[in-house]
Asker: 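Have a look at this one before I ask anything.
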Amino acid sequence: MDTWLVFGATSGIAVPVVRQLAKRGHSLLLAARDEEHLKRLAGDLRARYQVEVTTLNFDANDLDGAEEWVRSVDREHGPIEGVFWATGYLGDQAEEQERFAAAKKSITINFLAAVAYLHPVASLMQKRKRGHIVAIGSVAGDRGRMKNYIYGSAKSALNRFLQGMMQRLYRSGVAVTIVKPGFVNTKMTQSLDDMFLVAEPSRVAADIVRGIEKRSEEVYTPWFWWGIMHIIRHIPVRLFKRLSL
Ligand SMILES: NC(=O)c1ccc[n+]([C@@H]2O[C@H](COP(=O)([O-])OP(=O)(O)OC[C@H]3O[C@@H](n4cnc5c(N)ncnc54)[C@H](OP(=O)(O)O)[C@@H]3O)[C@@H](O)[C@H]2O)c1
């Protein structure tokens with residue numbers, strides 16, 4: 001079975017995905033900041049599924065240390081055969097409009113960190129001609145909206161980055177899967193009061209695991225967000241700018 005490195009392993013969406021990977025017998029490298037949560041999760045997975053689980057301290061703000069971090073994890077616990085990127089941060093759009101530091105935090109965690117950590121992984125996989133990179137973007141990246149355009153633009157950049165990497169790695173037999181959830185009931189969305197069609201993390205996780213198994217290029221989850229975003233993307237700009245979506 002493969003070894004999967006999971007960034008943001010403590011996230012509401014990642015936990016049920018990680019359980020499914022463990023159930024299928026994969027070894028896991030769980031990376032996050034909250035050590036206590038990681039240890040509890042790792043202990044539970046080892047007991048339930050008898051798989052190898054290693055916990056790793058990971059801070060997405062450490063961009064300069066990313067390359068060495070990935071190389072040492074691969075050397076000590078690898079080879080890394082699968083990567084699941086679930087790290088993300090939803091800031092306050094109003095604050096991000098007024099304070100560049102707030103906007104920078106969102107862009108750093110949602111986009112720059114993915115470039116910093118996924119590129120070294122991609123190069124290792126390309127050399128070995130084997131691997132799968134799965135990353136969570138968002139439907140928010142499909143069209144800029146006034147309510148979350150800093151988060152949305154970072155996710156949009158992540159989407160373009162992953163699309164390019166997918167093409168770069170294709171001939172090496174390395175797959176890239178872009179996951180685009182709609183609203184999901186996790187810690188991230190607890191304070192939002194204008195959500196609709198909210199999905200539970202277990203449902204989103206099932207879609208992600210199906211996408212992993214099929215090595216899908218893109219996974220909208222739940223599926224109907226593909227149609228919703230198709231319509232939203234095609235609303236003419238002249239009309240769209242008048243809406244308060
Ligand atoms: N929930 C939604 O409606 C929704 C919709 C579309 C896309 N997404 C995306 O889905 C992914 C998972 O989100 P979620 O909904 O499961 O939310 P979540 O439970 O809040 O998870 C976010 C994860 O990112 C980690 N993280 C944030 N800042 C970090 C940093 N500086 N260094 C390392 N880790 C950091 C968090 O770790 P800490 O616990 O240490 O902060 C947490 O594990 C994210 O990429 C999110 O953007 C979510």
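Note that ligands are numbered from 1 as they come in the structure, with each ligand's atoms numbered from 1 the same way. In this text, all values refer to a predicted model and were calculated from it rather than measured experimentally. Positions are given from 1, in the same order as the sequence printed here.
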Asker: Ignoring hydrogens and angles, write down the donor-acceptor pairs under 3.5 Å from the side chains of residues 105-117, residues two or more places apart or on other chains.
Answerer:
from	atom 1	to	atom 2	distance (Å)
Ser106	OG	Asn110	ND2	3.1
Thr108	OG1	Lys104	O	2.6
Asn110	OD1	Tyr89	N	3.0
Asn110	ND2	Tyr89	O	2.7
Asn110	ND2	Ser106	O	3.1
Tyr117	OH	Asp62	O	2.7

Asker: What does the list of residues with a heavy atom under 4.0 Å from ligand 1 look like, ordered by chain and number?
Answerer: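 Correct list: Gly8, Thr10, Ser11, Gly12, Ile13, Arg33, Phe58, Asp59, Ala60, Asn61, Ala86, Thr87, Gly88, Ile109, Ile136, Gly137, Ser138, Tyr151, Lys155, Pro181, Gly182, Phe183, Val184, Thr186, Lys187, Met188, Thr189.
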Asker: So among Val53, Thr55, Asp34, Leu30, which one has a side-chain contact (heavy atoms from CB on, under 4.5 Å) with Leu41?
Answerer: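 The residue from Val53, Thr55, Asp34, Leu30 that satisfies side-chain contact (heavy atoms from CB on, under 4.5 Å) with Leu41 turns out to be Leu30.
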Asker: Do Phe7 and Trp69 have ring centres separated by under 6.0 Å?
Answerer: yes
Asker: Excluding sequence neighbours, so at least two apart, what forms ring pair (Phe, Tyr, Trp, His ring centres under 6.0 Å) with Phe196?
Answerer: Phe183, Trp225
Asker: Decide salt bridge (charged side-chain N to carboxylate O under 4.0 Å, His left out) for Asp74 and Arg71; before the verdict, give the C-alpha distance in whole Å, the side-chain angles of both, and the deciding distance to 0.1 Å.
Answerer: CA-CA 5 Å; Asp74 188 70; Arg71 284 183 191 285; over 6 Å; no
Asker: List for me each residue that meets salt bridge (Lys or Arg N to Asp or Glu O under 4.0 Å) alongside Asp64, sequence neighbours excluded, and say none if there are none.
Answerer: none
